[in-house]
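Have a look at the structure below before the remarks.
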Amino acid sequence: MISILQALSNENIGKSVSVRGWVYRSRSVGKKSFLVIRDSTGIIQAVAEEPNLTPEDFKLASSLTVESSLEVTGTVKEDKRAPGERELLISSLKVYCRNDSFPVAKDKSEDFLLDIRHLWLRSREFTSMLKIRDTVFRSFNDYFYSRGYYQVQGPMMVSTATEGGSTLFKVPFFGQEVNLTQSSQFYLETMIFSLEKVFTVAPSFRAEKSRTWRHLTEYWHAEGEAAWYGNEEMMKEEEGMMDYIISEVTKRNAEDLERAGRDTKKLSSMKSPYQRIPYSKIIDLANEIGLTLKYGDDLGMEEERAVTKRFEKPIFVTDFPVQLKSFYHRPNPENPETVLCHDLLAPEGYGEIIGGGERIWELEVLRRKIRDFGMNEEDYYWYVDLRKYGSIPHSGFGLGLDRLVTWICGLDTIKNAIPFPRTIRRTKP
RNA sequence: GCCGCCGUAGCUUAGUUGGUAGAGCACCCGGCUGUUAACCGGGCGGUCGUCGGUUCAAGUCCGACCAGCGGCGCCA
């Protein structure tokens with residue numbers, strides 16, 4: 001038994017091989033049947049005709065429906081008429097499951113495809129996306145291991161919020177209530193005191209009633225936290241990570257990117273360094289483009305799209321005003337109206353994929369910010385404790401892996417960057 | 001949270017001023033000696049999202065509900 005990719009290789013021409021998989025297309029002309037078979041590695045056309053097969057087997061082969069599963073043995077032959085110019089002359093076959101009509105046909109709506117996502121995953125487009133997604137997750141881990149980070153895990157059930165309080169999922173917990181985590185950041189921060197550099201890949205949950213192309217209620221959050229790092233050092237680390245992920249994807253998934261309609265050369269050209277643009281300059285730029293933004297306004301969807309379309313590479317937006325960012329961001333000592341932070345915006349209109357920066361490490365500053373943001377210090381006692389015992393400068397980031405995949409694949413919705421998207425109105429399949 | 005939109009066969013859909021539903025694909029049967037989302041002929045397949053109302057008569061008009069989609073805000 002060999003893979004379809006292997007069956008198509010030069011050394012198998014003229015040889016008898018066995019492959020197994022699923023019927024991708026089936027057509028018959030006169031006394032010949034053409035079965036295009038797919039497995040995880042590719043597709044090959046198999047030809048069934050009677051001299052090579054018993055009448056029973058020929059009939060069986062001719063009757064196979066889309067996505068029926070089977071195993072075939074046959075001789076690999078070069079033939080200009082075949083897709084891929086190679087095909088398999090079937091000498092025997094074994095059918096595992098002959099289907100009724102497969103629900104996925106040529107006419108399909110976005111809505112219907114979401115209902116049958118469990119079957120739509122078998123499509124070539126989705127297979128390619130899943131392979132690219134695999135590379136993104138794998139290379140994220142590999143990069144941080146190569147940089148001396150440890151992989152750690154925080155809890156998914158938590159009792160404190162990282163961001164605002166209104167977007168938490170409440171879950172019953174032995175007569176009490178807990179929340180599903182929105183970020184593992186605070187837990188990563190606790191672990192830098194033992195491991196110094198840590199990362200995690202975990203789901204995060206947001207109960208925001210978002211209805212957009214780039215929000216999920218459950219998404220894959222890749223986070224890193226490093227002791228002694230400043231904002232600039234963290235940005236450099238992220239540049240290294242992005243370079244590595246993009247080089248791995250373009251190396252391993254060239255064909256998959258092509259199927260997704262993505263220009264591999266264009267992706268490869270987006271090497272770091274990325275521009276660092278202060279928030280105030282972005283406001284100026286937005287106004288040059290014709291948008292009306294004043295200092296203190298947050299960047300909306302329209303602004304982000306317009307701005308990122310002007311760049312060929314991702315950009316960092318830095319130095320946001322204090323009030324636009326969460327309480328834990330460290331104010332810039334040279335300009336306390338702004339914080340030492342960075343958002344990484346993907347080009348081509350895709351927008352924010354990373355948010356990060358330097359964390360407050362001075363106890364009194366953190367206490368004041370917690371008060372200023374109207375929060376209760378007692379709820380964050382353990383987070384505050386970190387600033388009491390051996391506190392150090394440190395920085396971190398959170399990356400939306402599904403957003404990164406959306407951009408790398410050039411998709412128009414984040415729902416197609418994850419096998420089973422969870423949105424405000426969809427929990428099935 | 002705000003704004004907009006859709007629901008007719010397994011899928012994609014047509015359906016006129018209200019008169020009891022038509023097609024393409026899929027599937028099944030038959031034909032075709034090389035198909036490329038094959039083609040040709042036939043067949044199967046519909047409580048028109050649900051409930052209620054108006055009417056002699058509702059897919060069509062009205063109301064409520066259910067389900068889902070798109071955009072904004074928020075964020076990764």
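Just so it is clear: chains get the letters A, B, ... in the order the sequence lines come, proteins before strands, and each one is counted from 1. Hydrogens, waters and symmetry mates are skipped; everything else that's a heavy atom, side chains included, is used. Values in this document were obtained by computation on a predicted structure and should not be read as measured data.
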Any chance you could encode RNA chain B as dot-bracket? Rule is Watson-Crick or G-U wobble with both distances under 3.5 Å; [ ] for pairs crossing earlier ones, | for another strand.
(((((.(..((((.....[..)))).(((((.......))))).....(((((..]....)))))).)))))....

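In the set B:A76, B:G34, B:A37, the nucleotide with an atom closest to the side chain of A:Val29 is B:G34.
Considering every non-hydrogen atom in both A:Gly396 and A:Arg359, the closest pair reads C-NH2, 3.1 Å. Taking each heavy atom of A:Ser184 and A:Thr200 in turn, the nearest pair found is CB-CG2, 4.0 Å.
Taking the six-membered ring for Trp and the full ring otherwise, A:Tyr145 and A:Tyr149 have centroids separated by 6.0 Å or more. You'll find the ring centres of A:Tyr219 and A:His221 inside the 6.0 Å limit. Here A:Phe311 and A:Tyr274 keep their ring centres 6.0 angstrom or further from each other.
The same atom, P, is picked in B:C44 and in B:C62; the two are 36 Å apart, to the nearest Å. Using C1' as the reference atom, B:G7 and B:C11 are 14 Å apart when rounded to the nearest Å.
Of the residues in residues 113-136 of chain A, A:Leu114 come within less than 4.0 Å of RNA chain B through at least one heavy atom, sorted by number. RNA chain B lies under 4.0 Å from no heavy atom of any residue of residues 310-322 of chain A. Within residues 393-412 of chain A, the residues that have a heavy atom under 4.0 Å from RNA chain B are, in order of number, A:Gly398, A:Gly400, A:Arg403.
A straight line from NE2 of A:His221 to P of B:C75 spans 13 Å, rounded to a whole angstrom.
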Below 3.5 Å is the cut-off: list the nitrogen or oxygen pairs between protein and nucleotides 4-15 of chain B, distance only.
residue: B:C11; atom: O2'; partner: A:Asp107; partner atom: O; Å: 2.3
residue: B:U12; atom: OP1; partner: A:Ser109; partner atom: OG; Å: 2.4

What does the B/S/- profile of nucleotides 44-49 of chain B look like, 5' to 3', with a 4.0 Å heavy-atom cutoff to protein?
------

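For A:Glu125, there are no side-chain hydrogen bond (donor to acceptor under 3.5 Å, both in side chains) partners two or more places apart in sequence or in a different chain. Legend: residues meeting salt bridge (Lys or Arg N to Asp or Glu O under 4.0 Å) with A:Lys197, ordered by chain and number and at least two apart, are absent. By the side-chain hydrogen bond (donor to acceptor under 3.5 Å, both in side chains) test, A:Asn335 is found to be paired with no residue, residues two or more places apart in sequence or in another chain being considered.
Two residues are said to be in side-chain contact when any heavy atoms from C-beta on lie closer than 4.5 Å; A:Leu404 and A:Leu399 meet this criterion. Side-chain contact check for A:Lys94 versus A:Leu70: every heavy-atom pair is 4.5 Å or farther apart.
Residue contacts shown for A:Glu87 include a base, since a base heavy atom lies under 4.0 Å away. Within the nucleic acid shown, A:Ala82 comes within 4.0 Å of at least one base atom, counting heavy atoms only. Within 4.0 Å of A:Thr65, counting heavy atoms only, lie sugar-phosphate atoms of the nucleic acid but no base atom. In this structure, A:Glu49 reaches neither bases nor backbone, as no heavy-atom distance under 4.0 Å exists between it and the strands shown. Across all strands, A:Lys59 comes closer than 4.0 Å to no nucleic acid atom at all (heavy-atom distances). Counting any heavy atom pair closer than 4.0 Å across all strands shown, A:Lys415 reaches sugar-phosphate atoms only and no base atom. Residue contacts shown for A:Trp220 are absent, as no nucleic acid heavy atom lies under 4.0 Å away.
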Under 3.5 Å, sequence neighbours excluded: what are the donor-acceptor pairs made by side chains of residues 408-418 of chain A?
residue: A:Thr413; atom: OG1; partner: A:Lys415; partner atom: N; Å: 3.1
residue: A:Asn416; atom: OD1; partner: A:Arg117; partner atom: NH2; Å: 2.8

Please table the atom pairs, donor to acceptor, closer than 3.5 Å between any side-chain atom in residues 50-60 of chain A and protein atoms at least two apart or in another chain.
residue: A:Thr54; atom: OG1; partner: A:Asp57; partner atom: N; Å: 3.1

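Under the side chain to side chain donor-acceptor pair (under 3.5 Å) criterion, the residue pairs touching residues 29-42 of chain A are A:Ser33-A:Ser62, A:Arg38-A:Glu67, A:Asp39-A:Thr41, with sequence neighbours excluded.
Remark: of the listed residues A:Tyr279, A:Phe320, A:Phe316, A:Phe397, A:Phe320 is the sole one forming a side-chain contact (heavy atoms from CB on, under 4.5 Å) with A:Cys341. None of A:Val17, A:Ile37, A:Ile4, A:Val47 except one satisfies the side-chain contact (heavy atoms from CB on, under 4.5 Å) rule with A:Leu88; the exception is A:Val17.
Under the 30°/60° scheme for interplanar angles, the aromatic rings of A:Tyr380 and A:Tyr383 are found to stand perpendicular.
Heavy-atom nearest nucleotides on RNA chain B were determined for A:Lys325 and for A:Phe34, and the one closer to the 5' end corresponds to A:Phe34.
Look at A:Glu348 and A:Arg262 and you find a salt bridge, because one of the NZ, NE, NH1 or NH2 atoms lies within 4.0 Å of a carboxylate O, short of that distance.
Cation-pi check for A:Arg124 over A:Trp22 is not met; the charged atom does not lie both under 6.0 angstrom from the ring centroid and within 45 degrees of its normal.
Here the straight-line distance linking atom CD of A:Glu78 with atom CG of A:Asn10 works out to 7.5 Å at 0.5 Å rounding.
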